[in-house]
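Residue numbers run from 1 in the order of the sequence given. Treat the numbers as computed from the prediction; the structure is a model and nothing was measured. Read the numbers this way: they start at 1 and go in the same order the structure lists the ligands and their atoms.
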Amino acid sequence: MGQDKNVGSRQDVVWKALDRFHIEIPSWGFANTGTRFGKFVQSAAATSIEEKFADAGEVNRLTGASPTVGLHVLWDLPNGVADVEKIRGLEKQHGVKSGSINPNLFQSQEYKYGSIASPSAEVRRIALDHLLESVEIGRALETKDISLWVSDGSNYPGTQSISRRIGWMEEVLGAMHAATTEGQRLLIEYKPFEPAFYHTDIADWGMALHLASKIGPRAKVLVDTGHHYHGTNIEQIVAWLLHLDALGGFHFNDRKYADDDLTIGSIDPYQVFRIFHEILSAPATATAGIAYMIDQSHNLKGKMEAMVQSVVTAQELYARAVLIDRETLSALQDECRLVEAEELFRDSFWTDVRPIVRAWREARGLAGDPLQQLRESGYVERIAKERAEKNRNSVSSYA
Ligand code: PSV
Ligand code: MN
């Protein structure tokens with residue numbers, strides 16, 4: 001869809017795409033967060049799972065594009081399966097469903113030297129039990145994905161056996177995969193460093209892909225856009241994972257330096273556009289199951305505003321990628337007409353799709369400008385008042 005197509009057909013193609021485009025928001029994005037240097041408490045931050053669901057419901061009401069909320073087991077279901085009933089009630093109350101279930105294998109003291117890659121068989125067993133409970137929670141809540149990131153690694157050369165740890169991970173993840181049932185998936189997330197600074201056990205997409213392929217067909221790779229070294233061509237990784245039918249989903253966020261968890265597209269919107277282009281270039285059968293998720297926790301920005309901004313930005317960048325006339329582009333690529341190909345690509349990126357996205361919202365009975373609507377609704381002021389005292393007293397809790 002280049003300059004030659006009329007406005008009407010552009011609108012049509014974008015509207016159809018937006019009807020299908022959903023992006024999950026994380027429960028932890030509504031809670032107070034910080035850096036290892038400190039945490040700046042926000043009066044409006046959610047202090048409980050009830051408040052997280054209320055906020056997520058509000059973002060979905062405003063955007064119409066975030067019908068699920070990602071849950072972190074330790075922070076959101078501290079009693080495990082016993083909390084499922086409560087979550088079901090919150091889903092009904094706030095009109096959003098539970099999305100990915102995120103086990104937590106990085107906070108308990110026993111995981112000091114690793115979880116699924118720990119040299120201690122006892123610790124690996126504790127980790128597996130938590131993973132099995134996460135699978136059960138996912139089943140009980142009827143969600144599709146269990147999304148796993150492990151912080152396992154080491155800080156000094158020679159202090160751990162990198163190779164033996166691979167075998168231990170294969171064993172634990174294999175047992176977890178065996179416990180999943182039809183309709184469930186296990187997404188394996190990679191990250192090159194932090195908190196480990198010498199080696200990380202699942203450091204890149206090759207390692208995640210190996211583990212996913214080894215343990216079984218329900219395991220796929222999760223790409224967190226913040227989890228790459230500078231200069232990494234993420235869209236190329238995406239193209240490979242699509243080719244291998246191994247792309248499970250995304251954690252979207254942006255970064256300038258490391259895993260900064262900044263708002264999607266705030267530093268490099270062109271990168272998100274290029275990722276969407278690879279996805280839209282692949283056969284629909286390979287992309288139908290991709291889970292789009294946001295993984296951001298904002299230290300300084302207001303959480304509600306940041307989340308609305310993120311969903312809206314994701315929609316806009318997706319819409320721009322939808323506009324690329326891929327047939328013409330493909331012909332130009334084959335003929336190596338480089339400048340014309342690049343200009344066609346750039347033309348879509350530079351198209352201001354906001355009027356089309358706004359019209360889509362209005363046609364669906366949503367607010368034309370969700371951020372403005374949030375401001376006018378008084379929601380943030382109300383929750384800030386209600387939660388101020390709880391937040392003052394909660395400086396020490398992460399979730
Ligand atoms: C790790 O940095 C990560 O990206 C994982 O997805 C965690 O679940 C999440 O952040 C926690 O904030
Ligand atoms: Mn992540």
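Residue contacts with ligand 1: Asp295 is placed with a nitrogen or oxygen under 3.5 Å of a nitrogen or oxygen of the ligand (distance criterion only). Inclusion of Trp149 in the set of residues having an N or O under 3.5 Å from an N or O of ligand 1 is not warranted. Where the criterion is an N or O separation shorter than 3.5 Å, residue side chain and backbone included, Asn102 fails it with respect to ligand 1.
In this structure, Gln42 CD and Lys303 NZ are separated by 4.5 Å, a value rounded to the nearest 0.5 Å. Rounding to the nearest 0.5 angstrom, the gap separating the CD atom in Glu24 from the CG atom in Asn60 is 11.5 Å.
A salt bridge links Arg346 with Glu343; the closest basic N to acidic carboxylate O contact falls under 4.0 Å. A salt bridge does not link Glu136 to Arg139: none of the charged nitrogens lies less than 4.0 Å from a carboxylate oxygen. Ion pairing of Lys220 with Asp145 is absent here, as no side-chain N (NZ or NE/NH1/NH2) approaches a carboxylate O to less than 4.0 Å.
Checked against the Mn ion (ligand 2), the N, O or S atom of Asp295 at the shortest distance is OD2. If you look at Asp224 and ask which of its N, O or S atoms sits nearest the Mn ion (ligand 2), the answer is OD2. Per residue Glu189, closest N, O or S atom to the Mn ion (ligand 2): atom name OE2.
Counting atoms of ligand 1 from 1 in the listed order, those under 4.0 Å from a heavy atom of His251 are 6 (O). Every atom of ligand 1 is numbered from 1 in the order shown, and the set under 4.0 Å from a heavy atom of Trp28 is 12 (O). Counting the atoms of ligand 1 from 1 in the order shown, those under 4.0 Å from a heavy atom of Asp259 are 2 (O). Counting atoms of ligand 1 from 1 in the listed order, those under 4.0 Å from a heavy atom of Lys191 are 1 (C), 2 (O). Atom numbering of ligand 1 starts at 1 in the shown order; those under 4.0 Å from a heavy atom of Asp224 are 4 (O).
For His228 and Tyr190, the ring centers sit closer than 6.0 Å to each other. Aromatic rings from His72 and Phe106 are positioned such that their centres are separated by under 6.0 Å.
In summary, His251 places an N/O/S atom under 2.8 Å from the Mn ion (ligand 2), meeting the contact criterion.
For atom 8 (O) of ligand 1, the candidate residues are His227, Met293, Glu189, His72; the nearest heavy-atom contact is made by His72.
Checking each of Phe345, Phe252, Tyr270, Phe250 against Phe276 for a ring pair (Phe, Tyr, Trp, His ring centres under 6.0 Å) leaves exactly one that passes, namely Phe252. Evaluated for a side-chain contact (heavy atoms from CB on, under 4.5 Å) with Val221, the options Leu211, Leu241, Leu187, Ile202 yield exactly one hit, Leu241.
Within the structure, the closest approach of Glu194 to ligand 1 does not fall below 4.0 Å when heavy atoms are considered.
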